[in-house]
Amino acid sequence: MKIVVHIKGEAEQWREALADAFPEATVLTSDACAEERKNADYLAVWKPPEHLLREQTQLKAMINLGAGVDYLLRTPGRPKEVPIAKLRDAGMSELMADYVLYGVLHFYRSFDRYAAQQANAQWQPHPVEEKSQWPVGVLGLGAIGAHVAETLSQAGFPVSGWSRSPKRIEGVNCLHGDDGLENILSQAKTLITLLPDTTETRGIINAKRLGQLPQGASLINPGRGTLVDENALLKTLDASEGLRGAMLDVFPEEPLPADNPLWRHPKVTITPHMSAPTPLHDAIDQVIAYIRDFEAGKSVTTVDPENGY
Ligand code: OXD
């Protein structure tokens with residue numbers, strides 16, 4: 001069996017862990033020469049280069065070393081018939097829940113206002129509303145979104161969640177369909193976008209939907225940059241009755257170019273796609289389990305390229 005690993009900055013750690021788990025296998029990083037890399041049985045990859053996919057002839061499966069498969073699905077040269085398994089949670093949901101809870105509290109407890117006040121040496125406490133008066137909307141209830149929604153609900157916020165198909169999550173008002181989305185948008189004081197990047201979700205947070213949010217609402221996007229129409233967001237942030245602020249971790253182009261106006265917008269907090277880095281140990285265990293299951297001919301939950309997740 002041959003496994004080739006591609007993940008920037010971590011490939012050697014992955015190679016060692018997979019070589020320990022499969023002593024009979026040849027495990028290489030994508031830095032190996034082309035002759036050695038070809039004829040792999042499995043690719044374990046995050047943002048692989050096109051040539052790595054094109055040069056394979058006998059792949060049994062690819063394992064995406066992240067939760068979002070958008071990048072892999074749109075890489076030219078992807079062999080369409082090869083199944084893709086992806087990391088499902090693998091410790092990311094806890095990290096994501098921390099990030100989002102921090103973001104919600106940032107607005108709920110007025111840390112955004114205090115940062116602006118500090119710049120002017122202004123001492124001005126703001127009243128704290130009841131949490132019950134701070135509805136939060138979570139768009140996307142996959143493994144990560146569901147955990148985020150539960151965490152916010154346990155923290156005392158009224159949480160509504162939205163997904164493509166109906167879901168049930170303890171303590172979360174789960175909605176779906178166009179009506180469900182409108183309902184969430186009309187109430188959310190903080191909206192969190194955790195949808196995958198698909199043809200249906202691209203630009204879902206557009207001018208119309210931003211306009212449906214209550215005046216002074218806030219947006220947290222740790223999902224995918226393509227979910228939010230950036231020009232519409234900038235306009236809503238600049239409008240006197242528009243959004244109060246946005247916390248953004250993902251962008252259509254990453255790294256976010258230095259001349260992008262979001263960097264310098266006073267109502268925007270930017271983080272560099274760090275909300276939920278894959279914890280190595282959990283992820284390695286999951287990839288080992290996938291390869292064992294594929295090898296044993298067991299049924300494996302794979303990605304549906306049509307749905308994009
Ligand atoms: C992921 C990511 O999809 O980190 O896992 O963006």
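Atoms within each ligand, like the ligands themselves, are counted from 1 in listed order. Quantities reported herein were computed from a predicted structural model and do not represent experimental measurements.
Under the side chain to side chain donor-acceptor pair (under 3.5 Å) test applied with Arg202, the options Asp197, Thr226, Asp70 reduce to a single match, Asp197.
Of the protein's heavy atoms, Ala67 N, 2.7 Å lies nearest to atom 5 (O) of ligand 1. Remark: minimum distance from atom 2 (C) of ligand 1 to any protein heavy atom is reached at His273 NE2, 3.5 Å.
For ligand 1, the atoms lying closer than 4.0 Å to a non-hydrogen atom of Gly66 are 5 (O). For ligand 1, the atoms closer than 4.0 angstrom to any heavy atom of Met92 are 5 (O).
Residue Ala276 has no nitrogen or oxygen atom sitting less than 3.5 Å from a nitrogen or oxygen atom of ligand 1, judged on distance alone. For a threshold of 3.5 Å applied to N or O pairs, the pair formed by Arg224 and ligand 1 contains at least one separation below that value.
With hydrogens and angles disregarded, a donor-acceptor distance shorter than 3.5 Å links the side chain of Arg37 to the backbone of Ala32. With hydrogens and angles disregarded, a donor-acceptor distance shorter than 3.5 Å links the side chain of Gln117 to the backbone of Gln124. Side-chain atoms of Lys60 never come within 3.5 Å of backbone atoms of Val82 as a donor-acceptor pair (strictly under, hydrogens ignored).
No part of Glu254 comes within 4.0 Å of ligand 1, judged by heavy-atom distances. The proximity of Tyr71 to ligand 1, defined as any non-hydrogen pair under 4.0 Å, does not occur for either the backbone or the side chain.
Heavy atoms from other residues, nucleotides or ligands lying under 6.0 Å from CZ of Arg109 number 12 at most.
Salt bridge Asp112/Arg244: present, at least one basic N to carboxylate O contact under 4.0 Å.
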